[in-house]
Amino acid sequence: MGRVQDRVVIVTGGAGGIGAAACRAIAAEGGRVLVADLDAAQARAVADDIVAAGGAAESTEVDVTDREQVRAMIDRAVDSFGELNVIFNNAGMNRPRGFMDVDQANFDEIVRVNTWGVIVCTQEAAKQMIAQGSGGKIVNTGSIASRQGFWDFVPYCVAKFGTLAVTQAAARGLVEHGITVNAFAPGVVDTPMWVGLNEDIRAIHDQPADADPMREFATGTLIGRPASPSEIAPFLVYLASSESDYMTGQMYMVDGGQVLV
Ligand SMILES: NC(=O)c1ccc[n+]([C@@H]2O[C@H](COP(=O)([O-])OP(=O)(O)OC[C@H]3O[C@@H](n4cnc5c(N)ncnc54)[C@H](O)[C@@H]3O)[C@@H](O)[C@H]2O)c1
């Protein structure tokens with residue numbers, strides 16, 4: 001028996017670094033996974049890998065900010081696997097700018113994906129879980145930027161502080177239905193997201209092409225290096241499993257000791 005045997009788990013942003021690692025780890029523990037992402041081809045590739053390794057997975061294209069598409073994603077999980085037990089709201093993005101250069105378009109885009117997307121996915125997943133009547137688990141993705149403000153990351157910090165607010169509020173409101181809501185907060189994880197972040201940060205600070213802001217930032221952790229996605233994934237299996245049933249409304253740092261709260 002796996003730790004999440006037969007649980008039906010949707011992972012948004014499942015084609016990306018942390019999301020794909022979560023999909024693989026959950027499937028390896030017996031979960032049935034719907035890999036959901038804007039990038040349909042990469043989501044399909046992750047699902048195909050899982051199936052080739054003997055796991056259960058499907059994939060779907062979704063924009064987490066679009067309610068119709070989110071509804072279709074939930075329906076796809078239920079049609080494929082019969083129910084929905086866990087949603088991992090992991091889809092996210094950032095487009096760093098120095099604070100003085102943030103404009104409304106930059107702000108709106110980042111908050112829309114990272115916070116509004118979490119609200120829409122939580123609402124639609126909760127409707128399905130409430131209708132099933134057997135509880136469920138909602139796991140959100142925060143960040144060290146949910147706990148501290150960073151000059152180049154202000155809309156992202158607002159969005160990720162917002163994810164903490166949504167986590168706490170939804171935990172209070174959904175507990176009567178047996179649904180727990182938690183979040184985890186990574187620090188610096190070596191994923192494709194950092195390709196764009198490194199470029200943006202180098203441009204903001206006029207750094208040379210060989211500068212590596214990701215590694216420089218990670219030296220600020222107690223552990224002193226970035227995490228790999230596979231180091232994060234076991235905690236996500238735990239949050240998806242019955243082992244975490246007594247936990248709700250919390251955001252857990254998994255950040256190598258970058259932020260001490
Ligand atoms: N990498 C880090 O250092 C780090 C640190 C803290 C938090 N996070 C958070 O972890 C999560 C995963 O990040 P990652 O590092 O794996 O990034 P990533 O870029 O590798 O993966 C993110 C995935 O989300 C998808 N996505 C983006 N917008 C979407 C949308 N509107 N609808 C559906 N899918 C969408 C992308 O296509 C991509 O596959 C994000 O929420 C990110 O903010 C990452």
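For clarity, every value in this text was computed on a predicted model and none was experimentally measured. Read the numbers this way: they start at 1 and go in the same order the structure lists the ligands and their atoms.
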(request) Please indicate whether any nitrogen or oxygen in Ala15 is less than 3.5 Å from any nitrogen or oxygen in ligand 1. (result) no

(message) Heavy-atom pairs closer than 4.0 Å: do any link ligand 1 to the side chain of Asn90, the backbone, both, or neither?
(response) both

(request) Between Trp194, Phe184, Tyr156, flag the one that comes closest to atom 42 (C) of ligand 1 by a heavy atom. (result) Tyr156

(request) Check Pro213 against Asn198 and note the closest heavy-atom contact, atom names and distance. (result) CD-OD1, 3.1 Å

(request) Please tell me if the side chains of Leu164 and Asn140 come closer than 4.5 Å, counting only heavy atoms from C-beta onward. (result) no

(message) I need the Met251 CE to Thr163 OG1 distance, nearest 0.5 Å.
(response) 6.0 Å

(request) Write out the residue and atom name of the closest protein heavy atom to atom 10 (O) of ligand 1, then the distance separating them to 0.1 Å. (result) Thr141 CG2, 3.3 Å

(request) Among all protein heavy atoms, pick the one closest to atom 32 (N) of ligand 1 and tell me residue, atom and distance. (result) Val64 N, 3.0 Å

(message) Just to be sure I'm reading this right: ignoring hydrogens, which of Pro226, Ala145, Ala91 gets closest to atom 35 (C) of ligand 1? Compare them by their nearest heavy atoms.
(response) Ala91

(message) With a 4.0 Å cut-off on heavy atoms, is Lys160 in contact with ligand 1?
(response) yes

(request) Note the single closest protein heavy atom to atom 31 (N) of ligand 1, along with its residue, its atom name and the distance in Å. (result) Asp63 OD1, 3.1 Å

(message) Among Val189, Val188, Ile232, which one puts a heavy atom closest to atom 1 (N) of ligand 1?
(response) Val189

(message) Between Asp200 and Arg97 (salt bridge meaning N to carboxylate O under 4.0 Å), is one present in this structure?
(response) no

(request) Give a yes or no on whether a salt bridge exists between Glu124 and Lys127, defined as a side-chain N under 4.0 angstrom from a carboxylate O. (result) yes

(message) Is it the case that ligand 1 has an N or O less than 3.5 angstrom from some N or O of Asp37?
(response) yes

(message) Only heavy atoms of Gly142, strictly under 4.0 Å: list the atoms of ligand 1 that pass.
(response) 7 (C)

(request) Report the nearest protein non-hydrogen atom to atom 34 (N) of ligand 1: residue, atom name, distance rounded to 0.1 Å. (result) Leu38 N, 3.4 Å

(message) Working to the nearest 0.5 angstrom, can you tell me the gap between Phe184 CZ and Thr167 OG1?
(response) 11.0 Å

(request) Within a distance under 4.0 Å of any heavy atom of Val62, pick out the atoms of ligand 1 and give their elements. (result) 32 (N), 33 (C)

(message) Check this for me: does any side-chain nitrogen of one of Asp255 and Arg147 sit under 4.0 Å from a carboxylate oxygen of the other?
(response) no

(message) Within the 4.0 Å heavy-atom shell around Gly17, which atoms of ligand 1 are there?
(response) 16 (O), 18 (P), 20 (O), 21 (O)

(request) Supply the atom-to-atom distance Met247 CE to Thr180 OG1, rounded to the nearest 0.5 angstrom. (result) 9.0 Å

(message) Under 4.0 Å from a heavy atom of Gly16: which atoms of ligand 1 are those, numbered in the order shown and with their elements?
(response) 20 (O), 21 (O), 39 (O)

(request) May I ask you to list the atoms of ligand 1 that are less than 4.0 angstrom from any heavy atom of Pro192? (result) 20 (O)

(request) Check if Thr12 has a non-hydrogen atom at a distance under 4.0 Å from any atom of ligand 1. (result) no

(request) Using distance alone, determine whether Ile18 and ligand 1 share an N or O pair under 3.5 Å. (result) yes

(request) Run the salt-bridge test on Asp49 and Arg24 with the 4.0 Å N-O cut-off and return the result as yes or no. (result) yes

(request) For atom 13 (O) of ligand 1, grab the closest protein heavy atom and report residue, atom and distance to one decimal in Å. (result) Met193 CE, 4.0 Å

(request) Measure from atom 5 (C) of ligand 1 to every heavy atom in Ser143, Gly187, Ala43 and give the option owning the shortest one. (result) Gly187

(request) To the nearest 0.5 Å, tell me how far Ile18 CD1 sits from Cys23 SG. (result) 12.0 Å

(request) May I ask you to list the atoms of ligand 1 that are less than 4.0 angstrom from any heavy atom of Val113? (result) 28 (N), 31 (N)

(request) For residues Phe150 and Phe217, establish whether the separation of their ring centroids is below 6.0 Å. (result) yes

(message) So that I can tick it off, tell me whether Glu231 and Arg225 are bridged by a salt bridge, with the cut-off set at under 4.0 angstrom between side-chain N and carboxylate O.
(response) yes

(message) I'd like to know if Arg71 and Asp75 make a salt bridge, using a cut-off of under 4.0 Å between side-chain N and carboxylate O.
(response) no

(request) For the residue pair Thr219 and Arg215, establish whether any side-chain heavy-atom pair is separated by less than 4.5 Å. (result) no

(message) I need the nearest protein heavy-atom contact for atom 15 (O) of ligand 1: residue, atom name and distance, please.
(response) Thr191 OG1, 2.5 Å

(request) Select the closest option to atom 27 (C) of ligand 1 among Gly13, Gly92, Ala36, judged by heavy-atom distance. (result) Gly92

